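Step one of this worksheet: look at the structure below.
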Amino acid sequence: MENKITNRQVICDTLMNAAQTDKNITVVCSDSRGSASLTAFADAYPEQFIEMGIAEQNLVTVSAGLASCGKKVFAASPACFLSTRSYEQVKVDVAYSCSNVTLIGISGGVSYGALGMTHHSCQDIAAFASLPDMRVYLPSDRFQTAELIQALLQDTRPAYVRVSRTASKDIYGENMNFQLDRANVLSQGEDVLLVACGEMVAECLEAVELLAQKGIHAGLLDMYCVKPLDKETLLREAAKTKLVVTVEEHSPYGGLGSLAAQAISEKDPKKIINLSLPDSHMIAGTNREIFAHYGLDGKGIMESVCRILT
């Protein structure tokens, strides 16, 4: 049965459960409670919810101030605005001050595909990963999202979590083996290693199946923890294969591909190919249409790997 529960809804459900016993949990939104699926939290815990309006810079600074008073803050806003309009506030008030703020970038990547480049967030990984003390996570499904938020509720360091607008395909189950900052090996193969994050993990799983039909054995690494990158697992799995292909819903510069290539080239140089969104103004359409157009769906990834290997 197809999953219809979005990762943003899972974030709300997880925070609501935790807020029953922890009154320090505070959610801050920039006129985005509906888009972030946080309306239920606002209704249930009005004293733990703050609406900032369309003011992303204020959203971040107020969140950092609340954190300095002992609150566990989750600040939600569209990723395209959170990662650009409020970047200075994130750099100074959250990262530099090491504030206990989890930034939730909703509708990340090309989730707002039909609205065009103003609403695409294709540089957010590079922007936030370059900040000291800032962690960057792109969970691949609802189960991993729930585990990630649970883990972030237990620590006090800054983090950025990017989720899609649409429901992600199920990758794991309720009893998944989750470890914070440790990648998950979903498949092993000696011909190629696919390294993906976020929605691209499901597409890569499909590609693994399609490649198997052609006699190509592909490994798959879910690198949901883009920063800190799980170099140990990455290098171990890369050593087993002839080729590494990174797949990401991001610009070709500064994202998962760049970070993985740097890590591998320092220890075990080999051919590394990055499949990503283009360094250009993209077409408008649904995220699925955009993925297919740029070869980031299962079929497109399979075809790219076959071309590279032949």
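The residues of the chain are indexed from 1 along the displayed sequence. This one's a predicted model, so the numbers in the text were calculated from it and none came from an experiment.
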Do the side chains of [Y] and [X] get nearer than 4.5 Å, heavy atoms only?
X    : Y    : answer
I273 : T246 : no
V28  : L66  : yes
T102 : Y160 : no
L277 : L296 : yes
R165 : R8   : yes
L193 : L243 : no
N287 : T166 : yes
H250 : S276 : no

- prompt: Is the count of non-hydrogen atoms from other residues, nucleotides or ligands lying under 6.0 Å from K227 atom NZ greater than 12?
  reply: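 Yes, the 6.0 Å shell around NZ holds more than 12 heavy atoms from other groups.
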message: Counting only heavy atoms from other residues, nucleotides and ligands, does the tally under 6.0 Å from OH of Y45 exceed 12?
response: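 Counting neighbours around OH of Y45, more than 12 heavy atoms of other residues, nucleotides or ligands fall under 6.0 Å, so yes.
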With no hydrogens and no angle check, just 3.5 Å: does a side-chain donor-acceptor pair link [X] and [Y]?
X    : Y    : result
D230 : T233 : yes
N177 : Y172 : no
R157 : N100 : no
S77  : S32  : no
S304 : R307 : yes
Q144 : D222 : yes

Derivation and outcome, salt bridge (charged side-chain N to carboxylate O under 4.0 Å, His left out), residues R135 and D155: CA-CA 12 Å; R135 297 167 293 169; D155 74 23; 2.8 Å; yes
- request: Quickly, which of N274, V195, V247, L138 forms a side-chain contact (heavy atoms from CB on, under 4.5 Å) with L256? Name it, please.
  value: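 When side-chain contact (heavy atoms from CB on, under 4.5 Å) is applied between L256 and each of N274, V195, V247, L138, only V195 qualifies.
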- prompt: Out of I308, V192, I264, which one pairs with K271 under the side-chain contact (heavy atoms from CB on, under 4.5 Å) rule?
  reply: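 Considering I308, V192, I264, a side-chain contact (heavy atoms from CB on, under 4.5 Å) with K271 is found only for I308.
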- request: With side chain to side chain contact (heavy atoms under 4.5 Å, CB included) as the test, would you mind laying out the steps for I54 and R85 before giving the verdict?
  value: CA-CA 11 Å; I54 305 177; R85 189 171 296 169; 4.2 Å; yes
Ion pair [X]/[Y], N-O distance below 4.0 Å:
X    : Y    : result
D297 : K299 : no
K169 : D141 : no
D133 : K91  : no
E237 : K240 : yes
K242 : E190 : no
E203 : R288 : yes

message: Within this structure, what is the CZ-CD distance for the pair R142 and Q9, rounded to the nearest 0.5 Å?
response: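 Rounded to the nearest 0.5 Å, the CZ-CD separation comes to 11.5 Å.
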- prompt: Checking side chain to side chain contact (heavy atoms under 4.5 Å, CB included) for the pair N7/V161: CA distance, chi angles, key distance, verdict?
  reply: CA-CA 11 Å; N7 291 346; V161 179; over 6 Å; no
query: Do side-chain atoms of S86 reach the backbone of Q89 as a donor and acceptor pair under 3.5 angstrom?
result: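 A pair under 3.5 Å: no.
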field: salt bridge (charged side-chain N to carboxylate O under 4.0 Å, His left out) pairs, two or more places apart, involving residues 16-25
entry: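 Applying salt bridge (charged side-chain N to carboxylate O under 4.0 Å, His left out) to every pair that reaches into residues 16-25, excluding sequence neighbours, yields D22-K72.
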- request: Just grab all the salt bridge (charged side-chain N to carboxylate O under 4.0 Å, His left out) pairs involving residues 106-130, residues at least two apart or on different chains.
  value: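 Salt bridge (charged side-chain N to carboxylate O under 4.0 Å, His left out) check on residues 106-130 returns D124-R162.
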field: Shortest non-hydrogen contact from S140 toward S168
entry: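 Heavy-atom minimum between the residues: O-CB, 3.5 Å.
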Test side chain to side chain contact (heavy atoms under 4.5 Å, CB included) applied to T286 and I290, step by step: CA-CA 6 Å; T286 66; I290 294 175; over 6 Å; no
- request: Please confirm whether F74 and F41 have ring centers closer than 6.0 angstrom.
  value: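 That pair fails the under 6.0 Å test.
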